[in-house]
Amino acid sequence: MTVYTSSTLDVPSTSNIPKHVAIVMDGNGRWAKSRLMPRFAGHKRGVDAVKRTVQACCELGVEHLTLFAFSSENWRRPPEEVSLLMRLFIRVLRKDVEAMHRENICLRIIGDTTAFEPELQAAIASAQELTKDNSRLFLNIAANYGGRWDILQATKNMLKSNPELANNPDQISETDLSRHLCLQGSPEPDLFIRTGGEQRVSNFLLWQLAYTEFYFTDKFWPDFGKPMLLEAIDSYNNRERRFGRTSEQIQPPVANVRQSAQ
Ligand code: IPE
Ligand code: IPE
Ligand code: MG
């Protein structure tokens, strides 16, 4: 298994194509409302945007894609909307997982799935089992996920698996905790995208976003696809990722570059 660098312990290697993209897929309701359609129509069209985005990531060579589908706070929505969303998850998992498998995509659901009805839990288990050895794209769907929940469950599991740490809290390292987070085994996201115009994290990957580049767009999620992903990657390529260092440490002085070219 590849061991990825922690952005706070080491400086990760970067490239023009982000290795890991994380997206808050927001704006389905407003997309539908602006067309005088029910909110759920926006969620359905949001699934098409997911498929386009997955395809684009495969084509561009993005290796990890994490999509926020349902937050731990989304249970606060009207029960009819929550129930329709659960039906939609089940339908997509059953209908589209074969195609994902053929595309060599490894699907993982991150979040507290124990809260889901048995039918959805079964669909999740069989989709994960079918695709577990695939490696073209690691697709993480965050469902009943919250960044705070993730840190808390990691803390509990760290102490359960290593009880002596409870008596020696000063020995607890970042790595002890991070190996129990949902995305252990994935690099930290290079690029965070949020559609729908809001500029907030909404309890997404709180730990993992430490040095991620943020990109916000007013466009609604159902309109997302390869062109918008490329716009986000373009913006990402204009950032200087310093990871705490100075600009001079990253870019050699122009004079030196000229001298070495002579
Ligand atoms: C995101 O779209 C999808 C989920 C949270 C499930 P929204 O449903 O939040 O759409 P808006 O923000 O109300 O437009
Ligand atoms: C964030 O969107 C969660 C998902 C996209 C699944 P929300 O629509 O729930 O976020 P807030 O409530 O506007 O912050
Ligand atoms: Mg929203």
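Quick note: residue numbers are just sequence positions, from 1. One-based numbering, in listed order, for ligands and for the atoms of each.
- Using a 4.0 angstrom heavy-atom cutoff, Gly196 does not count as in contact with ligand 1.
- Among the atoms of Asp26, some N or O lies under 3.5 angstrom from an N or O of ligand 2.
- Contact annotation: for Lys33 versus ligand 1, there are no heavy atoms closer than 4.0 Å.
- Under 4.0 Å from ligand 2, the heavy atoms of Ala69 that appear belong solely to its backbone.
- Looking at atom 9 (O) of ligand 2, its nearest protein heavy atom turns out to be Asn74 ND2, 2.9 Å.
- Members clustered with Val11: Tyr211, Phe243, by chain and number, using a 4.5 Å side-chain heavy-atom cutoff among hydrophobic residues.
- Of the protein's heavy atoms, Ser202 OG, 2.6 Å lies nearest to atom 14 (O) of ligand 2.
- Sorting the N, O or S atoms of Asp26 by how far they are from the Mg ion (ligand 3) puts OD1 first.
- Closest to atom 12 (O) of ligand 2, if we only count protein heavy atoms, is Arg200 NH2, 4.5 Å.
- Counting heavy atoms closer than 4.0 Å to ligand 1, residue Glu198 contributes nothing at all.
- Residue-level proximity to ligand 2 for Phe70 is carried by the backbone, the only part with a heavy atom below 4.0 angstrom.
- The salt bridge (Lys or Arg N to Asp or Glu O under 4.0 Å) search around Arg94 returns Glu119, not counting sequence neighbours.
- For atom 10 (O) of ligand 2, the closest non-hydrogen atom on the protein side is Arg194 NH2, 3.3 Å.
- For atom 1 (C) of ligand 2, the nearest protein heavy atom (residue, atom name, distance) is Val24 CG1, 3.8 Å.
- Relative to the six-membered ring of Trp75, Arg77 misses at least one condition, a distance below 6.0 Å or an angle of at most 45° to the axis.
- Heavy atoms of Arg76 stay at 4.0 angstrom or farther from ligand 2.
- Polar contact with ligand 1: present for Arg77 (N/O pair, distance under 3.5 Å).
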